[in-house]
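What follows is one structure encoded as structure tokens, with my remarks underneath.
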Amino acid sequence: WWNQLPNHPYRVQFLLTKMVEAIAYKFSTTGKLALKQEQPTTAKSVFQLPPKVVKNQVKLDSQVAVVIPAKCCSAKDGDLLQRVISSLQNQPAYVIVVNDGSSYWPHLQPWVQVWTHSQSQGPAVARNTGIKAALDLGVDFILFTDSDCIPSANWVSEAHRGFLENPYIHAISGRTDAASHT
């Protein structure tokens, strides 16, 4: 960054900011505000430890769950949720929908598992509820989508293939296309 800012009026300010960040990082890792090098201790920084390489445990016959947090306030929201569920109907996965305190709730297909929060707790809590439900089913990996998305017809199998072909990968994110340019 220093080299990319030649003759820039904020070049020195940038350098000073980086120095403050380095000092703050040193303080956050040691609990001491010291600019001089201290004697080495037996404890190692996270950056000095070798990475632990762990395979993802996904197999050809792994069970998959799709978790969908949903808050429906109108028939339009319910229609969007029905659309995402329909896109998952022929895909090899459990479908778990977490109703996050919806004021309107559509009738869903019987193969969809629905968990309900009596009042809205937000999408992160709804996802966590879905994770627990999926783990109770004994699934090997969990996919997430939202109630206003439409996964492609091979979404689950492509994600499964991604984990199989990359055994040291633990999270995958795919391409997302918007319905409009807004």
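Side-chain N or O atoms of Asp100 include none that pairs as donor or acceptor with a backbone N or O of Ala126 at under 3.5 Å. The backbone N or O of Ser152 lies less than 3.5 Å from a partner atom in the side chain of Gln91, making a donor-acceptor pair. Of the possible donor and acceptor atoms, none in the side chain of Gln113 sits under 3.5 Å from a partner among the backbone N and O of Gly130.
When all heavy atoms of Ser62 and Gln57 are compared, the closest pair comes out as OG-O, 4.3 Å. Pairing each heavy atom of Gly101 with each of Lys71, the nearest pair is O-CE, 4.1 Å. Taking both residues in full, the closest heavy atoms of Pro69 and Asp146 are given as CG-OD1, 3.9 Å, listed atom of the first, atom of the second, then distance.
Taking Thr145 as the reference, nothing meets the side-chain hydrogen bond (donor to acceptor under 3.5 Å, both in side chains) condition, with sequence neighbours excluded. With sequence neighbours left out, Asn90 forms a side-chain hydrogen bond (donor to acceptor under 3.5 Å, both in side chains) with no residue at all.
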*Chi angles and distances behind the side-chain contact (heavy atoms from CB on, under 4.5 Å) call for Cys73, Tyr104*: CA-CA 5 Å; Cys73 298; Tyr104 171 88; 5.8 Å; no

_Run the side-chain contact (heavy atoms from CB on, under 4.5 Å) test on Ile150 and Leu80 for me, step by step, so that the C-alpha distance in whole Å, both residues' side-chain angles and the decisive distance to 0.1 Å come before the verdict._
CA-CA 9 Å; Ile150 306 172; Leu80 290 172; over 6 Å; no

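Atom-to-atom distance recorded for Phe144:CZ and Arg127:CZ is 7.5 Å, nearest 0.5 angstrom. For the atom pair OG (Ser87) and CZ (Arg83), the distance works out to 9.0 Å, reported to the nearest 0.5 Å. How far CD of Gln121 is from CG of Asn128: 10.0 Å, rounded to the nearest 0.5 Å. Residue Thr129 holds its OG1 atom at 10.5 Å from CD1 of Ile96, rounded to the nearest 0.5 Å. Here Gln109 contributes atom CD and Gln82 contributes atom CD; the two are 5.0 Å apart, rounded to the nearest 0.5 Å.
Taking a cutoff of 4.0 Å between a charged side-chain nitrogen and a carboxylate oxygen, Asp136 and Lys132 qualify as a salt bridge.
Grouping Ile, Leu, Val, Met, Phe, Trp and Tyr by side-chain contacts under 4.5 Å, direct or through others, puts Val84 with Val58, Leu60, Val64, Val66, Ile68, Leu81, Ile85, Leu88, Val95, Val97, Trp105, Leu108, Trp111, Val112, Val114, Phe141, Leu143, Trp155, Val156, Phe163, Leu164, Ile169, Ile172.
Looking only at atom types and distance, the side chain of Asn56 has no donor-acceptor partner in the side chain of His170 under 3.5 Å away. Between the side chains of Asn99 and Ser102, at least one donor N or O lies within less than 3.5 Å of an accepting N or O.
The hydrophobic clustering, which links ILVMFWY residues whose side-chain heavy atoms are closer than 4.5 Å, places Ile131 and Val125 apart.
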